[in-house]
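Heavy-atom basis, side chains included; hydrogens, waters and symmetry copies ignored. Letters A, B, ... mirror the listed sequences (proteins, then strands); counts begin at 1.
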Amino acid sequence: MSDREGTSKITGCTLCHEPAVARIREPDRHLCAAHFIEFFEDRVARTIRTEQQVKPGDRIAVALSGGKDSTALLLVLSRLLPTWERVHLVAITIDEGIEGYRNETVQAAVQLTETLGIEQHTVSFPELFGDNLDTLLIGREAEACTVCGILRKKALAVAAEKYGATKIATGHNLDDEAQSVLMNMLRGDLPRLIRDATKETPSFIPRIKPLALTPEKEIAIYLFICNAWKVLPECPYTRFALRAEVRGMLSKLEFQNPGTLQHLIESKKKIEQYCTDMPVMDTLRRCRECGDPSSGDLCQVCRLRHSLGR
Amino acid sequence: MKIILPDNSKKTIDTGACTIEQVLIALDINPVEVIVSVNGRLVPEDAVATENDEIRIIRVAHGG
């Protein structure tokens with residue numbers, strides 16, 4: 001099959017013989033743009049259905065940074081929305097205040113929600129924590145991802161509650177999840193490895209991860225096909241993260257041994273099963289300062305506030 | 001073939017007809033971390049590119 005301008009040879013779609021845009025493994029097949037979109041959205045719908053992530057009447061706060069994962073998440077959820085009963089979406093964008101990075105992604109988030117006609121709210125670190133991330137990190141840049149992760153999670157929980165959400169949906173993909181499994185193992189952090197934020201408790205708004213079984217590369221393909229791929233700046237703090245090293249290591253392994261990411265997730269699930277009813281998890285208590293649910297005397301946010309001198 | 005790298009720099013390589021995966025490996029790029037278009041059309045890694053093609057490599061892994 002010849003391309004219009006060059007002479008490249010592209011395999012046809014396994015299902016319809018149109019030019020393929022992607023090769024999918026397990027089962028091994030080539031898919032054209034239309035069949036790839038169908039495959040992609042079916043898998044997300046199946047993930048949501050299998051794990052009962054959405055119930056009638058849910059108001060889902062979608063964590064929308066404006067980056068590729070959350071953009072794909074909002075796109076696919078908005079397309080699945082008519083199949084659910086009385087479910088509403090609200091997009092929450094956290095503006096940490098990162099110079100040269102976040103402004104552009106916040107603009108992308110606002111534009112996307114305007115196009116899709118979805119309610120959107122932006123909450124910022126200064127309004128919640130008194131300063132932007134750049135200022136909070138002066139002299140401790142190497143801890144950027146830890147500090148940002150703790151504060152962003154808190155900001156999202158506060159905003160979700162403020163806007164009446166019953167679920168928080170995040171754009172974590174298969175690569176992210178596998179990286180987290182390996183990072184928790186490398187840190188020897190078993191409680192964090194098996195902590196399940198998806199369970200409903202009186203203390204937390206449950207978090208759902210509809211893209212957790214979707215490889216990062218397929219998210220990029222989906223956005224490219226949907227004309228929603230945008231080149232955005234990279235977070236300047238990424239270079240400090242352990243995740244960056246783990247990401248490189250795992251993607252090499254995934255190329256050499258396809259299925260590695262999936263196998264890590266399966267291993268985590270087996271460990272979770274073995275740990276059911278074992279005293280691995282810390283008992284959930286209340287933070288003595290802010291009253292938020294916490295595994296220790298102080299929650300992570302209050303511990304961080306102390307270490308930041310705030 | 002003309003190559004547009006993830007950082008938008010350009011180079012021309014002379015490999016004869018070969019698969020996209022072979023091009024990426026020759027450039028020391030992991031195929032898991034990128035998507036590739038040939039003459040503006042997204043293709044799988046086993047697509048075969050030839051001398052007249054323009055190959056754009058887009059990095060998917062993105063910190064943030």
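Between Pro44(B) and Ala22(A), the shortest heavy-atom contact is CB-C, 3.9 Å. Residues Glu33(B) and Gly248(A) approach most closely at OE2-CA, 4.2 Å, considering heavy atoms.
Residue-environment remark: CD (Glu266(A)) exceeds the threshold of 12 foreign heavy atoms within 6.0 Å. Under a cut-off of 6.0 angstrom, the local environment of CD in Gln256(A) is crowded, with over 12 non-hydrogen atoms contributed by other residues, nucleotides or ligands.
For the set Pro215(A), Ala244(A), Ala220(A), the entry with the most heavy-atom pairs within less than 4.5 Å of chain B is Ala220(A).
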>> Working note: Ile221(A) + Leu42(B), criterion side-chain contact (heavy atoms from CB on, under 4.5 Å); need CA distance, chi angles, decisive distance, verdict.
In response: CA-CA 8 Å; Ile221(A) 294 170; Leu42(B) 202 60; 3.6 Å; yes

>> Between Asp46(B) and His30(A), does the side-chain contact (heavy atoms from CB on, under 4.5 Å) criterion hold? Intermediate values first, please.
In response: CA-CA 10 Å; Asp46(B) 56 359; His30(A) 290 80; 2.5 Å; yes

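Inter-residue side-chain proximity for Val60(B) and Ile219(A) is flagged as unmet; no heavy-atom pair is nearer than 4.5 Å.
At a 4.5 Å heavy-atom cutoff, Leu24(B) makes no contact with chain A through either its backbone or its side chain. The contact between Ile58(B) and chain A is made entirely by side chain atoms (from C-beta outward), counting heavy-atom distances below 4.5 Å. Contact annotation for Val36(B): neither backbone nor side-chain heavy atoms come within less than 4.5 Å of a heavy atom of chain A. Using a 4.5 Å cut-off between heavy atoms, Phe255(A) contacts chain B through both its backbone and its side chain.
For Glu45(B), the side chain to side chain contact (heavy atoms under 4.5 Å, CB included) test picks out Lys217(A), Glu21(B), Pro31(B), with sequence neighbours left out.
Here the CD1 atom belonging to Ile35(B) is positioned 8.5 Å from the CG atom belonging to Leu223(A), to the nearest 0.5 angstrom.
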